[in-house]
Amino acid sequence: MAGTAGPGTGPGAAGGDGDDSLYPIAVLIDELRNEDVQLRLNSIKKLSTIALALGVERTRTELLPFLTDTIYDEDEVLLALAEQLGNFTGLVGGPDFAHCLLPPLESLATVEETVVRDKAVESLRQISQEHTPNALEAHFVPLVKRLASGDWFTSRTSACGLFSVCYPRASDAVRAEIRQHFRSLCSDDTPMVRRAAASKLGEFAKVLELDSVKSEIVPLFTNLASDEQDSVRLLAVEACVSIAQLLSQEDLEALVMPTLRQAAEDKSWRVRYMVADKFSELQKAVGPKITLNDLIPAFQNLLKDCEAEVRAAAAHKVKELCENLPTEGRETIIMSQILPYIKELVSDTNQHVKSALASVIMGLSTILGKENTIEHLLPLFLAQLKDECPEVRLNIISNLDCVNEVIGIRQLSQSLLPAIVELAEDAKWRVRLAIIEYMPLLAGQLALSEACGQEITTKHMLPVVLKMAGDQVANVRFNVAKSLQKIGPVLNTDALREEVKPVLQKLGQDEDVDVKYFAQEAISVVAQRLRKPDFPAKDSEEPSAPGADKNHFLRARGPEEDPGKVQREHAARAASEEAVEMARFRGTDVAKGPAYQLHVNPRDTLAQLEIADLVHFSQSRD
Amino acid sequence: METKLPPASTPTSPSSPGLSPVPPPDKVDGFSRRSLRRARPRRSHSSSQFRYQSNQQELTPLPLLKDVPASELHELLSRKLAQCGVMFDFLDCVADLKGKEVKRAALNELVECVGSTRGVLIEPVYPDIIRMISVNIFRTLPPSENPEFDPEEDEPNLEPSWPHLQLVYEFFLRFLESPDFQPSVAKRYVDQKFVLMLLELFDSEDPREREYLKTILHRVYGKFLGLRAYIRKQCSHIFLRFIYELEHFNGVAELLEILGSIINGFALPLKTEHKQFLVRVLIPLHSVKSLSVFHAQLAYCVVQFLEKDATLTEHVSTSGGQGRPHPCGSDSSLPQLPQVIRGLLKYWPKTCTQKEVMFLGEMEEILDVIEPSQFVKIQEPLFKQVARCVSSPHFQVAERALYFWNNEYILSLIEDNCHTVLPAVFGTLYQVSKEHWNQTIVSLIYNVLKTFMEMNGKLFDELTASYKLEKQQEQQKARERQELWQGLEELRLRRLQGTQGAKEAPLQRLTPQVATSGGQS
C-alpha cells in the first residue's frame with residue numbers, strides 16, 4: 001500500500017509545485033489512522049484535500065481501497081466519512097468513475113449506528129444521480145440488491161431508501177427486479193426493516209408506473225397498514241398521503257379509503273395520532289368529495305378520541321381543515337359538523353387539548369363571518385378566557401386581533417371587558433397577575449382599531465388597572481406599574497396626569513423594592529410623554545414635569561418628533577407586541593429587575609411561567 | 001336484576017372519560033404553583049382499554065365455585081370467566097362500584113380455585129381462560145404522562161385498574177404453574193401473537209405490572225418450547241428498536257433479567273444466533289443513555305455469556321452484506337471475548353462519568369473470567385482506555401480504574417504481560433501522578449507505579465528515562481503534521497485557482513482533466 005513513493009520523502013518537502021508524488025499515500029493514511037480520535041476526525045473532514053493531493057488516479061486506486069478495507073472507527077469518524085464521500089465524484093474523475101465510491105459507502109450503509117447509515121444512504125442517493133444509466137445498472141443496482149438481501153437488518157434498512165433513486169432510470173427488466181426486492185422488504189421478518197420500507201413507500205410509489213402503483217403498492221400499503229406492530233402501521237398513514245395523490249377518485253375510494261378509515265379507528269392511539277397529525281395533507285390528497293364523506297366523520301371521532309394526545313393533534317388541525325374545505329357550503333359544514341365538537345373541546349379535561357384548540361380557534365372567525373362569530377364563537381372565547389390553564393388564556397388573548405377584524409372592536413370589548421374586569425378581582429393572585437399582564441396588549445389592540453379605542457381604554461380598562469395598584473401582592477403591584485408604562489402612550493394626557501401619575505407616584509413609595517423600581521421606570525416614561533404631549537395647545541400651560549421623577553434618566557421611547565395619532569398607533573402596536581412577548585417570557589422580563597436573575601430557555605413557555613411564578617412568590621411580601 | 005347506579009357515576013361514553021367537565025369558576029387557579037407538567041391532573045389512563053366497553057351489562061354475583069356440585073363446576077367456571085371479561089372504568093373511582101366488587105370477588109375465587117383445586121383445568125376451559133386474560137391485560141398502553149420520564153427520578157404512573165389487573169396476572173401465573181396445566185393444549189391459544197402482545201406490555205410504566213410480566217414470560221418460556229426462539233427474536237427486536245430508534249422502553253431491565261436466566265441454560269457450543277445476540281444486541285445496549293436503569297442485568301447477561309464461552313476460540317462471523325468486513329469493529333477474525341471487550345471499548349462513554357464507572361465495573365467482571373491467552377489479544381487497547389480513565393478529572397472514574405490493580409487476578413495478568421501493559425499506561429500514569437487534583441488519586445497512582453517498579457524495575461527505569469524524549473517526539477510530530485496539512489492546503493488552493501479562477505468553487509465541479517493536470521488555465 002505504501003510502496004508508491006520513497007519513504008524518505010517527508011511532508012516537509014511539499015513546498016514544491018504540487019507534484020502528486022510528493023505526498024506518499026502512507027503519510028496521508030497515517031493521518032487517517034492517528035491514535036487521537038479528534039485528529040483522525042480532522043483528517044477525515046479534510047479527505048477531499050487529501051484526495052486532491054493524490055490526484056484522481058491514486059484516489060481511486062489507493063485511497064478508496066484503503067477506506068473500504070481498513071477503516072475501523074468510531075461512529076463519529078464514520079459519519080464524517082460517509083458525508084465526505086457524497087461529494088467525491090469530482091475527486092475520483094467525474095461521473096464515469098462515480099461507481100468507485102460505492103464500495104466504501106456500501107460498508108457504511110451496513111453499520112449499526114443509524115446516523116452513519118442514514119448519512120451513507122444520503123450520499124449514495126446523491127451519487128446515484130451522477131451515474132450514467134449504464135453505470136447505474138452495472139454498479140448501483142447490484143449494490144442495492146446486495147443490501148436488500150443482506151443478512152443483518154441494517155443493510156436491508158438502508159436498501160429501502162435507495163429504490164426510488166434508481167427505479168426511474170432503470171430498464172424494464174431491472175425495474176421488475178427492483179419492485180420485487182421492495183416487496184419482499186415490506187414483509188420482512190424484522191420490524192425495523194418493515195418500518196424503513198413503510199417510511200419509503202410513498203416516495204417509491206411516486207416513481208412507479210400508475211399500473212404498478214395499483215397492482216403492487218396498494219397491496220403493500222394495505223398490508224403495512226394492518227401490520228402487527230403499531231410503529232409500522234403509523235408509517236403507512238404517512239405513505240397514504242403520497243399514494244392518494246396518485247390515484248383517481250374512484251380508485252381512491254376502492255383501494256385506499258377502506259384502509260384509511262381503519263387507520264382512523266386503529267386500536268393504537270399512536271396510529272390515530274398520526275392520522276390526526278397528517279390530517280391536512282390527507283385532506284388535500286383525497287379531495288373535497290371524500291373529505292366530506294369520510295374524513296369529516298373521522299375527524300369528529302378524533303376530536304373526541306379517548307386519548308388526549310390524539311385530541312390535541314386533531315384540535316391543532318381544526319383551522320386548517322376548515323380553511324381547506326371548498327368555499328361552497330363551507331359555512332354549513334363547519335357549523336353543523338365541526339363546531340359542536342369544538343364546543344366540547346373547550347371544556348376538555350386536558351390542558352394541552354384546550355391549549356391546542358385555543359391556538360387556532362380564533363382563525364375560524366374569518367371563515368365564519370361576523371354573525372356566526374358573535375353568536376357561536378364569542379361564547380367559546382369567553383369560556384377560554386376564563387380557562388384555568390394560563391396557556392389557553394394566553395393563546396386567546398394573543399390572537400384577538402383576527403377576531404377584531406371580523407366583529408369590530410366595540411363588539412369585542414363589550415363582550416370581553418366584563419370578563420376581564422371580573423378576573424381582575426379573582427381570589428387567586430396569579431389570575432390577577434395574568435390579567436394585569438394582558439392589559440397592555442388589550443389596550444394596544446383597542447387603540448389600533450378605532451378612535452374609540454382610547455375612550456374604551458380610559459373608561460373601562462384604566463380603572464381596573466388602577467384599582468389593582470392596591471393589590472396586596474407585590475407581584476401584581478409592580479406589574480401594574482409596568483402595565484401603566486405601556487398603556488401610557490395610548491391614553492390622553494388628562495388621564496395620564498390626573499389618574500395615572502398619582503398612582504405611579506404612590507407605587508414609587510412602595511415598601512417593596514421591585515414595585516418601587518418599576519414604578520419609577522414608569523414614571524420617567526410617563527413624564528416624558530407629558531412633556532411632549534400630542535396636543536401642544538392644551539398642555540402648554542403645564543410645561544414642567546412634577547419633581548418626583550426629575551432625577552431619573554429618561555428613556556427614549558418611540559418617535560418623539562411625530563406626535564398625535566401616528567405616535568399613538570405606533571406605541572399601541574409596540575405595546576401590544578411587547579405585552580405578548582412579556583406575557584410569554586415573564587421570567588426573563590422580570591430578570592431585568594434589580595433583585596434577581598433568571599436564566600431559562602425562553603422557548604419553554606411553561607417552564608418560564610412556573611419559574612417566574614415561584615420567584616415572584618418568594619419575593620412577594622404578603 | 002338490580003337497577004344501575006345513578007347516571008352521574010356510570011361509565012360514560014368514550015367521548016368523555018368520566019372526569020368533571022368544567023371546573024367551577026371559583027376554583028380557577030391561574031397558575032399551578034409547582035411544575036405544570038407534574039401538577040397537571042392525572043389523565044385518562046386505562047382509557048385506551050376502556051374505550052371498547054360501551055353498553056356494558058351489569059354484573060350479578062354468581063354462586064361460589066365451591067358450593068356447586070362437580071358436575072356444574074365447569075359451567076359455572078365458564079360463566080365466571082365471562083364475567084371477569086367485563087371491563088370497568090377505574091378513573092372514575094365511584095363508577096359502578098358494585099360491578100367492580102363482583103368482578104374482584106370472582107377473580108379472587110378463580111385465583112384460589114386454579115391454585116388449589118385439582119381437576120379444574122380441563123381442555124374446554126382453556127380458550128375461556130385465555131380469552132379472559134387477553135381481554136384484561138392486552139391493551140394499547142396510554143401515552144406517557146411525562147414524555148421525558150426518567151425511571152430514576154420520576155414517580156411512575158401506576159395502572160389505575162390494578163385492583164383487577166393484579167388478580168388477573170395472579171390468576172394467569174397460577175394457571176401456568178398449576179400441576180394440571182398442559183402446554184400441549186395451551187399452545188393452541190398461547191401463540192406467537194399472544195407472546196408478542198405480552199412483550200409489548202413490558203413497556204408499562206407500572207413496575208408492579210412489569211414484575212408480574214417478568215415471572216409470567218419466564219414461565220411461558222419454560223413451558224412452551226415452540227415459542228422460545230420466537231421470544232428471543234422478539235426480545236432482540238425490542239432491544240434493537242430501543243437502541244437505534246426510540247431509546248424508550250420501560251421493561252428493558254426485566255427482559256434482560258429473563259434473558260440472563262435463559263443464557264444460563266444455553267447448550268454448548270453456543271449457536272451463532274446466540275453469539276450474534278451478544279455482539280450485536282447486548283453490547284450496543286451499553287450505548288443507551290439510560291444504561292444505569294438496567295446495567296446490573298445487562299452486565300450479568302454479558303458475564304453469563306463469557307463464563308460459558310471463555311474457552312471458546314472458534315471464529316464468529318457476524319458481518320452483514322456479502323463477506324465484506326464489517327467496518328465498525330465486529331472483526332470476524334476475533335474470538336468472542338476479545339470481541340466483547342472491543343465492543344465495550346467502542347461504546348466507551350465519552351462524557352458521562354456515571355456510565356464510565358459502570359463500564360469499569362463490568363470490565364473488571366469480564367477480566368475476572370478471561371483466559372490469559374485472550375487477555376493478550378486485547379491488553380493494549382484495553383489498558384490505553386484504562387489509562388484514559390485514570391486521567392479523568394472525575395475522581396470516581398479515576399479511582400474505579402485504579403482499583404483494577406487491587407484485583408489479584410488482573411494484577412497477575414498485568415505482571416505476565418508487563419512488557420506491553422506498562423508502556424501502554426506508563427506515560428499517562430506518570431503525568432497524572434504529577435497533575436491530578438485529588439490527593440487520593442495521586443497516592444493510588446503512586447502505589448500503582450510502585451507495583452510496576454517492583455514488577456520490573458529495569459523496564460520501569462527505561463520508561464522513566466524515555467518519557468521526556470517521547471514528549472519531545474510528540475511535539476515534533478505535531479509540527480510535522482501541521483506542515484503537512486499546510487502544504488496540502490496550499491496545493492488545494494493552487495489547484496482551485498488554476499482551474500476555476502474562483503476560490504470558492506466546490507470541489508466536485510472539478511473536471512477530471514483539469515484536476516489532474518494542475519496549473520492549466
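Numbered from 1 within each chain, the chains take letters A, B, ... in sequence-line order. Note that this is a predicted model, so its numbers are computed, not measured.
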| said: Does any backbone or side-chain atom of B:K477 lie under 4.5 Å from a heavy atom of chain A? Answer side chain, backbone, both or neither. | reply: neither
| request: For A:R311 and A:L303, indicate whether the former's side chain and the latter's backbone hold a donor-acceptor pair under 3.5 Å. | output: no
| task | Measure the shortest side-chain to side-chain distance between B:L196 and A:Q229 over non-hydrogen atoms and say whether it is less than 4.5 angstrom. | result | yes
| field | Near-ring test B:F194/B:F138, centroid separation under 6.0 angstrom | value | yes
| What part of A:Y273 is in contact with chain B, defined as an atom under 4.5 angstrom from a non-hydrogen atom: side chain, backbone, both or neither? | neither
| Donor-acceptor contact below 3.5 Å, side chain A:R117 vs main chain A:S158 | no
| remark: Under 4.5 Å to a heavy atom of chain A? For B:K193 that would be neither
| Residue A:L39 versus chain B: region with a heavy atom under 4.5 Å | side chain
| said: Which atoms of A:D189 are under 4.5 Å from chain B, going by heavy atoms: the side chain, the backbone, both sets, or neither? | reply: both
| said: Cation-pi check for A:F97 against A:R60: NZ or CZ below 6.0 Å from the six-membered ring centre and within 45 degrees of the axis, yes or no? | reply: yes
| Can you say whether A:R195 sits under 4.5 Å from chain B via the side chain, the backbone, both, or neither, judging by heavy atoms? | side chain
